[in-house]
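One is the number of the first residue; the rest follow in order along the sequence.
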Amino acid sequence: QVQLVESGGNSVQAGGSLRLSCAVSGYDYSRYCMGWFRQAPGKEREGLAVIYGDGGDTYYTEAVEGRFTISRSEDNAKATLYLQMNGLQPEDTGMYYCAASARYSIGSLCTRVNGMHYWGKGTLVNISS
């Protein structure tokens with residue numbers, strides 16, 4: 001059974017940084033793609049950053065490229081997905097979700113919400129100006 005549990009959400013001022021974590025169990029993330037998604041108040045959920053394959057290739061959407069970094073642990077006993085967020089702005093406010101796919105895909109294809117099969121419950125990020 002796949003379980004994804006996010007943590008690290010908080011309230012910070014604009015320009016600050018946060019690091020989100022997602023504890024992963026029951027899932028081999030070297031085979032498929034995983035990523036971070038965000039749902040801002042009143043908006044649809046969107047993909048932000050994904051990582052896939054044995055080599056851990058990454059892809060970022062335009063909204064976060066250059067500011068956010070996705071990574072994953074190589075310790076299978078403590079599989080964890082991370083999202084380092086720098087230069088946070090009020091528009092980054094929202095619920096952040098960790099998600100995993102049951103199919104292999106790459107690049108922007110991996111950022112599709114309907115391409116993910118497993119979801120965590122989310123962690124809340126609030127950025128004040």
task: Please confirm whether the backbone N or O of L48 pairs with a side-chain atom of T61, one donor and one acceptor, at under 3.5 Å?
output: yes

field: Minimum side-chain heavy-atom gap I70-Y60 below 4.5 Å
entry: yes

query: Short question: side chain of R38, backbone of G94 - any donor-acceptor pair under 3.5 Å?
result: no

V2 with V50, same ILVMFWY side-chain cluster at under 4.5 Å: yes

query: Does the side chain of Y118 come within less than 4.5 Å of V24's, by heavy atoms?
result: no

- prompt: Does E6 reach the main-chain N or O of C98 with its side chain, forming a donor-acceptor pair under 3.5 Å?
  reply: yes

field: Considering all heavy atoms, the nearest A14-P90 contact
entry: CB-CD, 4.1 Å

field: Within one Ile-Leu-Val-Met-Phe-Trp-Tyr cluster: M34 and I106, side-chain cutoff 4.5 Å
entry: yes

message: Are the side chains of L4 and Y27 in contact, using a 4.5 Å heavy-atom criterion?
response: no

task: Kindly compute the distance separating CZ (F37) from CZ (R112), expressed to the nearest 0.5 Å.
output: 10.0 Å

- request: Flag yes if more than 12 heavy atoms outside E91 fall under 6.0 Å of its CD atom; otherwise flag no.
  value: yes

field: Close side-chain approach of L20 and V125, heavy atoms under 4.5 Å
entry: yes

message: Would you compute the distance between atom CG of L124 and atom OH of Y96 and round it to the nearest 0.5 angstrom?
response: 10.0 Å

Atom pair CG (N10) and OG (S17), whose distance is rounded to the nearest 0.5 Å: 12.5 Å

query: Distance-only, no hydrogens or angles: does the T93 side chain make a donor-acceptor pair with backbone N or O of I127 under 3.5 Å?
result: yes

field: For the student: nearest non-hydrogen atoms of G120 and Y97, plus distance
entry: O-CD2, 3.5 Å

message: Check whether T123 reaches the backbone of G9 with its side chain - one donor and one acceptor, N or O, closer than 3.5 Å.
response: yes

message: Measuring only between side-chain heavy atoms, which start at C-beta, is L18 closer than 4.5 Å to F68?
response: no

query: In Å and rounded to the nearest 0.5 Å, what is the OG to CE distance from S105 to M116?
result: 6.0 Å

query: Below 4.5 Å, heavy atoms only, C-beta onward: do R103 and H117 meet side chain to side chain?
result: yes

message: Please find the pair of heavy atoms, one from S73 and one from A79, that lie closest to each other, and give the distance.
response: OG-CA, 3.5 Å

task: Determine yes or no for a side-chain-to-main-chain donor-acceptor pair under 3.5 angstrom, with S101 supplying the side chain and G115 the backbone.
output: yes

- request: Check whether any side-chain heavy atom of R67 sits under 4.5 Å from a side-chain heavy atom of D92, and report yes or no.
  value: yes

- prompt: In Å and rounded to the nearest 0.5 Å, what is the CG to OG1 distance from L83 to T69?
  reply: 8.0 Å

message: Taking the side chain as everything from C-beta on, heavy atoms only, tell me whether M85 gets closer than 4.5 Å to W36.
response: no

query: For the atom pair OG1 (T80) and CD (E74), what is the distance rounded to the nearest 0.5 Å?
result: 11.0 Å

message: Under the disulfide (SG to SG under 2.5 Å) definition, can you give me all pairs with a residue in residues 33-68, not counting sequence neighbours?
response: C33-C110

- prompt: Would W119 and M95 show up in the same hydrophobic cluster when neighbours are defined by side-chain heavy atoms closer than 4.5 Å?
  reply: yes

